Asks: 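Here it is, the structure, as structure tokens.
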Amino acid sequence: MTEESSTHFIHEIIENDLAANKIETIITRFPPEPNGYLHIGHAKAIHLDFGTAQKYAGRCHLRFDDTNPEAEDEQYVHAIQEDIRWLGYDWGENLYWASSYFNQMETYARQLIEQGNAYVCDLTQEAFKTYRGIPTQPGQEPPGRHRTIQENLDLFDQMRNGDHPNGAYVLRAKIDMTSPNLHLRDPAIYRIKHATHHHTGDSHCIYPMYDFAHCIEDSIEGITHSLCTLEFEVHRPLYEWILTQLNLYRPQQIEFARLNITYTVMSKRKLLQLVQENHVNGWDDPRLPTISGMRRRGFTPTAIRNLCTQVGCTKFESLTEIERLEACVRDDLNETSPRAMAILDPIKLIIENYPADQTEQLEIANHPQNESYGTRTVPFTRECYIEREDYMDDAPNKFKRFTLGREVRLRGAYCVTCTHVEKDEKGNVTTLHTTYDPETRGVNPPDGRKVRGTVHWVSTAHAIDAEIRLYDRLFTNENPLADKDKPFTDFLNPDSLQRCQAKLEPSLQTANPGDRFQFERVGYFCADLDHTSTTPTFNRTLTLRAAKKI
RNA sequence: UGCCGAAUGGUGUAAUGGCAGCACAAGCGACUCUGACUCGCUUAGUCUAGGUUCGACCCCUAGUUCGGCAACCA
């Protein structure tokens with residue numbers, strides 16, 4: 001599979017900038033806050049940030065936007081790096097921290113105060129709300145707005161020195177309390193937080209707000225194109241105001257629409273809730289759209305990157321069908337997964353005319369389209385398991401599998417004909433009795449008769465018992481957030497995880513956690529993190545593309 | 001009611017004043033030792049109303065609908 005590079009409005013802007021010699025080397029950045037796990041929405045941003053840098057031979061910085069110690073944690077830092085690497089991107093030497101710039105940012109804050117562009121405000125959060133006003137009405141100037149520069153400088157030093165409790169003061173940019181853009185109504189740029197920072201420890205007790213910090217980070221690092229999601233559009237004037245007042249290099253902020261996918265939720269807050277309320281089993285639950293969840297589920301980095309390429313990048317807030325993600329995953333997995341046989345809902349099949357003491361080692365291809373995957377040996381005996389749904393009483397002619405008197409091929413082995421069936425007292429089939437044609441091992445019947453169906457099987461004497469986790473979409477509603485009257489958790493799919501005990505062919509004994517397979521005719525599976533050779537555990541990544549079975 | 005932004009088949013996207021194309025989904029068929037894969041065919045679209053133009057998805061005007069913004073979060 002090829003990952004063709006995409007072109008969209010952002011690349012057009014970059015190409016124009018390059019052509020006009022506005023810039024030499026493009027520098028982007030991916031700026032996660034280490035307060036949660038990355039999800040497929042971040043994958044879109046990562047693909048954009050790193051992929052764009054790659055495409056134009058520039059570079060992409062990984063920068064932790066760690067300006068809020070109360071929300072952040074070291075564990076997320078590691079997880080985020082692991083996820084980005086797994087997706088196939090590398091920041092090389094370019095690892096940065098917003099917190100590394102804290103001293104410099106404080107200097108810039110002082111500069112703003114000295115220029116009369118910032119002041120210390122003692123209004124409580126509640127009180128300031130009143131002063132700020134509402135969208136349709138201008139705000140009022142807070143009392144502290146007219147403090148002298150020296151007073152502001154002294155107060156800011158006190159804040160910085162830890163003389164005041166959390167919330168006592170904040171530093172505000174002095175812009176315009178009547179601006180139609182709320183973000184320009186004297187936004188807070190520094191707040192007091194007596195908290196230990198995971199990276200800077202206790203060296204600071206004031207922390208910059210996003211709007212103040214982010215543009216300075218971008219500027220210091222010489223970012224040429226600062227790509228972010230649409231909700232920051234209204235922040236752009238502030239981004240530009242701060243850098244202009246400070247007379248600093250001004251990167252170009254460009255906004256794009258975030259990725260939304262049907263039948264799931266994408267916000268960190270919602271994902272956190274699902275984890276904390278135990279609707280799922282941790283951040284890497286295979287039902288979650290987190291990178292770690294998708295990895296555990298068996299999705300591939302290639303598939304995720306292909307999805308990002310395919311959905312492109314626009315300013316239209318779209319809702320991508322999960323089927324498209326699944327198509328990308330199947331596409332990659334079909335090419336890259338070795339095949340194996342597994343029976344999820346077994347019934348027995350006995351070949352009456354096959355010697356009871358015989359075992360044949362059949363050599364079966366690991367991939368139908370790619371010989372380089374080699375072959376494996378699969379033991380064949382008189383008795384095997386087949387899938388319950390591969391037999392039907394009084395089956396119509398279109399049904400290609402077992403029914404009384406119909407000849408069916410056992411994949412890679414012989415053609416067998418069902419002679420009679422055994423059922424339990426409830427009428428459920430327990431055993432198929434068959435006869436086989438010894439002339440059909442690995443070949444078509446020599447007399448030219450057509451055998452239409454092929455069914456997978458596992459020798460009962462050699463089968464490995466395994467736990468299989470069958471995953472389905474997490475929500476029953478395409479957009480679980482759309483109903484304003486109901487919490488999104490009302491739409492959780494009660495059957496999103498089902499377990500079953502399966503019979504696996506013995507070659508699967510040597511699988512390692514994370515190994516991916518196609519269980520033929522059933523779906524794509526991968527060995528779970530919990531998988532061991534004594535407790536084999538596989539996750540169903542996806543079923544095969546749904547075909548109408550008769 | 002203020003500000004910012006967006007509208008192209010069911011979905012996602014291309015066409016930058018010159019044939020509305022591609023992919024996913026759906027339907028039909030072919031092939032097949034996986035009812036997979038692959039291949040062929042089909043269905044289906046420019047938010048509305050005006051205007052400019054030989055010609056408009058594209059430019060202009062007005063409207064409609066949808067999304068974002070009122071955290072000491074990012």
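Just so you know, these numbers come straight off a predicted model, no measurement behind them. Just the heavy atoms: all of them, side chains too, but no hydrogens, waters or symmetry mates, feed the values below. Here is how names work: the chains are called A, B, and so on, in the same order as the sequence lines, proteins then strands, and each is numbered from 1.
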Asks: Return yes if some donor-acceptor pair links the side-chain N/O of A/H39 with the main-chain N/O of A/S267 below 3.5 Å, else return no.
Replies: no

Asks: Assess, by modelled atom type and distance only, whether the side chains of A/T28 and A/D49 contain a donor and an acceptor separated by less than 3.5 Å.
Replies: no

Asks: Base of B/U13, side chain of A/Q310 - is there a donor-acceptor contact under 3.5 Å?
Replies: no

Asks: For B/C66, give the paired nucleotide (Watson-Crick: N1-N3 plus N6-O4 or O6-N4; G-U: N1-O2 and O6-N3; both under 3.5 Å), or none.
Replies: B/G5

Asks: Side chain of A/M209: nearest nucleotide among B/A71, B/A36, B/A25?
Replies: B/A71

Asks: Return the nearest nucleotide to the side chain of A/K315; candidates are B/A6, B/G35, B/U13.
Replies: B/A6

Asks: Look at the side chain of A/D331 and decide which nucleotide, out of B/A36, B/U16, B/U38, has an atom nearest to it.
Replies: B/U38

Asks: Using the P atom in both, what is the distance from B/A20 to B/G27, to the nearest Å?
Replies: 29 Å

Asks: Decide, yes or no, whether a salt bridge links A/R160 with A/E106 under the criterion of side-chain N to carboxylate O below 4.0 Å.
Replies: yes

Asks: Once you apply the 3.5 Å cut-off to both distances, tell me the Watson-Crick or G-U wobble partner of B/A49, or none.
Replies: B/U61

Asks: If you check every side-chain atom of A/R545, which of B/C33, B/G35, B/A25 has the closest atom?
Replies: B/A25

Asks: Could you state the atom-to-atom distance from CG of A/N306 to P of B/G12 in whole Å?
Replies: 19 Å

Asks: Name the closest nucleotide to the A/E231 side chain, picking from B/C73, B/G68, B/C37.
Replies: B/G68

Asks: Is B/A36 paired to anything, Watson-Crick or G-U wobble with both distances less than 3.5 Å, and if yes, which nucleotide?
Replies: none

Asks: Among the candidates B/C72, B/A36, B/A6, find the nucleotide nearest to the side-chain atoms of A/Y524.
Replies: B/A36

Asks: Are A/Y207 and A/F102 near enough that their ring centres are under 6.0 Å apart?
Replies: yes

